[in-house]
Amino acid sequence: MTDSQKSDETATDLTDAAASAADGAGTAATGTSAAEAPGTAPAAQEEAAGGAPAGGTSTEEASAAAPAPAPSPRPAAPSPAAFASRSKPAAAAPAAAAAPAAPATSLAEASKWGRVEGDGHVFLTIDGAEHPVGQYPGVSDDEALTYFARKYDDVVAQIVLLEQRVSSKAPSTDMQKTVTHLREQLAERNMVGDLRSAEARLDKLSGQIDALEKAEKAEHDAVRASELAAREAIVAEAEQISAQDPAQTQWKTSSARMNELFENWKAAQKSGVRLGRSNEDALWKRFRAARTVFDRHRRAYFSQLDSNNSAAKSAKEKLIAEAEALSSSTDWGYAAGEYRRLMDQWKASPRASRKDDDALWARFRAAQDVFFTNRQAANDEIDQEYAANLKVKETLLAEANTILPVRDLAAAKKALQSVRDRWEEAGKVPRADMGRIEAGLRKVEDAVRQAEEEQWQRSNPERKARTNSALSQLESAIAGLQEDLAAAEKTGDQRKIKAAREALEARQAWLDQIQRSASELA
């Protein structure tokens with residue numbers, strides 16, 4: 001409780017005039033005016049503890065320096081015991097409930113560490129030596145000793161609270177400062193209690209706080225290393241994306257991923273742990289450079305793409321103009337050839353964007369469709385006119401097939417010529433049936449031509465002469481081999497007999513073959 005709170009409580013607990021008179025008498029004995037006593041007695045003793053020791057000014061000196069005015073009725077100053085027994089204000093209740101207070105030092109315990117001498121002069125015994133603590137005049141010795149013991153209790157309560165924070169592993173921020181502050185309070189020697197015990201507890205707390213700080217630092221370093229690795233991964237992926245070949249890059253996917261990486265970077269920058277200015281600046285420069293390169297490649301790619309798209313559109317527009325000009329042509333053969341040429345050029349032309357290319361192809365195909373639709377309509381009309389011709393040619397084809405197989409070449413040639421003459425007179429047939437009809441007549445023509453060729457081969461004088469010459473040579477050779485065989489048989493030479501017989505059989509086989517060919521030619 002601060003001095004101002006004590007003064008406020010003093011003002012609210014004014015007693016009757018009799019108590020005031022008693023207070024005036026006590027004040028006069030110490031050389032302090034009655035007007036100063038209620039609110040300044042505790043503050044005066046704290047001031048004495050912080051500066052010159054209490055008791056340095058005698059009662060006579062105090063009386064000479066400031067003559068006491070005539071006593072007047074004043075309220076009595078509440079004793080330290082009264083302060084201790086009063087309930088705390090409602091506003092302070094939550095703070096008191098947050099952590100259990102340290103046990104209050106009893107009067108007997110306080111007496112071990114301090115004593116009161118004279119008119120409220122209090123002394124602290126520590127390490128066998130006494131130290132003046134302060135003065136609380138106008139009260140009993142017990143009350144004066146209890147007042148300074150409560151100051152010790154306040155420090156111990158703060159130590160207990162700090163011990164609880166350390167044991168619960170609360171953030172160690174400013175804990176060492178609190179230990180230092182409490183040490184300084186104990187070093188002022190303005191309280192009564194076991195100061196060495198409190199200092200030992202502070203020593204222990206200091207070591208525990210050091211360990212807690214190290215653990216926090218290790219955890220912070222681990223989190224920082226993890227955050228650094230995550231940030232490095234963002235930068236590395238951004239650099240990988242920016243290093244892709246622009247011609248092979250999937251720009252939609254890559255742009256979406258680069259934007260996602262940027263959002264991840266901002267989230268890490270906002271809510272992640274700090275990596276240190278040097279690390280963050282270096283990583284940001286790399287990330288920014290990767291995004292800049294990627295953006296430059298993307299702009300250049302799409303700029304070139306727009307240029308290529310414009311050139312492709314221009315080239316295909318020209319092809320479309322030619323196709324549309326041909327769409328009304330009735331020169332079916334020429335226009336069909338031109339459309340094949342235009343199609344080849346279309347395939348060789350570079351592609352525009354998908355949307356533009358689809359639109360251009362639709363126009364080109366529409367021009368083709370107009371022409372081929374008109375041609376098909378014209379062909380359908382012609383086919384209707386040629387339907388009667390088809391029936392005539394089918395009858396002629398059936399007549400031509402009766403020539404096969406060719407037995408009499410002259411009769412076959414005469415019949416085929418008759419069919420041909422009438423075939424030409426019949427005229428054209430529908431395009432769909434033209435191939436079938438022409439192939440049927442061609443088959444008959446080929447059969448007649450083959451029969452004619454075979455007859456020529458049989459009647460060829462040169463071939464006959466060659467055949468006769470071969471027959472003569474074989475017959476002469478066979479006669480010679482027969483003589484050799486007979487001579488060998490007379491001698492009984494089996495090797496010569498076998499050789500002569502094999503040669504004779506081979507020549508005889510050749511002779512038989514040539515004789516059959518000659519028979520066929522005849």
Side-chain angles (χ1 to χ4, degrees), residues 319-348 361-464 516-517 519-522:
L319 297 178
I320 291 171
E322 291 187 52
E324 289 174 344
L326 286 170
S327 63
S328 59
S329 174
T330 55
D331 188 351
W332 310 119
Y334 169 76
E338 286 297 294
Y339 273 117
R340 285 193 293 273
R341 177 182 63 80
L342 292 177
M343 178 60 75
D344 291 339
Q345 292 183 4
W346 184 279
K347 292 178 180 178
W361 170 249
R363 290 174 56 193
F364 184 74
R365 186 61 181 269
Q368 283 185 313
D369 290 344
V370 170
F371 169 77
F372 287 109
T373 300
N374 292 340
R375 189 181 71 168
Q376 185 62 39
N379 289 338
D380 291 343
E381 184 178 352
I382 293 173
D383 288 345
Q384 291 178 0
E385 295 178 1
Y386 292 164
N389 300 343
L390 176 62
K391 293 180 180 179
V392 173
K393 286 195 173 183
E394 285 179 340
T395 302
L396 292 173
L397 182 58
E399 181 182 342
N401 282 327
T402 60
I403 298 174
L404 304 179
V406 179
R407 294 185 177 86
D408 185 347
L409 180 58
K413 290 173 66 176
K414 182 177 180 181
L416 180 59
Q417 186 60 44
S418 174
V419 170
R420 282 175 175 170
D421 293 341
R422 285 175 289 164
W423 188 277
E424 295 298 329
E425 292 175 358
K428 296 180 179 181
V429 298
R431 292 173 60 87
D433 298 296
M434 185 180 298
R436 175 177 61 84
I437 292 296
E438 294 293 337
L441 182 60
R442 194 178 303 112
K443 177 181 178 182
V444 176
E445 291 176 338
D446 291 343
V448 172
R449 188 180 301 110
Q450 183 177 3
E452 187 176 12
E453 180 67 22
E454 289 176 354
Q455 182 178 5
W456 164 251
Q457 292 294 337
R458 287 195 296 272
S459 62
N460 189 349
E462 294 181 0
R463 185 174 181 183
K464 285 183 177 181
R516 281 195 300 272
S517 297
S519 175
E520 290 175 359
L521 290 175

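Residues passing the side chain to side chain contact (heavy atoms under 4.5 Å, CB included) test with Asp446 are Arg442, Arg449, sequence neighbours excluded. By the ring-ring contact (aromatic ring centres under 6.0 Å, His included) test, Trp332 pairs with Phe371, sequence neighbours left out. Every side chain to side chain contact (heavy atoms under 4.5 Å, CB included) that Ala412 has, sequence neighbours left out, goes to Ile403, Val406, Val448. Scored by the salt bridge (charged side-chain N to carboxylate O under 4.0 Å, His left out) test, Glu438 finds no partners at all (sequence neighbours excluded).
The stretch residues 372-427 participates, sequence neighbours left out, in these ring-ring contact (aromatic ring centres under 6.0 Å, His included) pairs: Tyr339-Phe372. Sorted by first and then second residue, the side-chain hydrogen bond (donor to acceptor under 3.5 Å, both in side chains) pairs involving residues 390-399 (not counting sequence neighbours) are Glu394-Arg436, Glu399-Arg422. Residue pairs that meet the side-chain hydrogen bond (donor to acceptor under 3.5 Å, both in side chains) test with at least one member in residues 405-417, sequence neighbours left out, are Lys413-Glu452, Gln417-Asp421.
Note on Asp344 versus Arg340: no salt bridge recorded, every NZ/NE/NH1/NH2 to OD/OE distance being 4.0 Å or above.
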For residues 321-329, which side-chain N or O atoms pair as donor and acceptor with protein atoms under 3.5 Å away, sequence neighbours left out?
residue : atom : partner : partner atom : Å
Glu322  : OE1  : Arg341  : NH2          : 3.1
Ser327  : OG   : Glu324  : O            : 2.6
Ser329  : OG   : Asp331  : N            : 3.1

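When all heavy atoms are compared, the tightest approach of Phe364 to Ile320 is CB-CG1, 4.0 Å. What you find for Leu441 and Ala400 is that their closest heavy atoms are CD1-CB, 4.3 Å. Residues Gly440 and Leu397 approach most closely at C-CD1, 3.2 Å, considering heavy atoms. When all heavy atoms of Ala447 and Leu404 are compared, the closest pair comes out as CB-CD2, 3.2 Å.
Between Val429 and Val392, every side-chain heavy-atom pair lies at or beyond the 4.5 Å cut-off.
Atom CG of Leu416 sits about 5.5 Å away from atom CD of Glu445, to the nearest 0.5 Å. With rounding to the nearest 0.5 angstrom, the CG atom of Asn389 is 10.5 Å from the CE atom of Met434.
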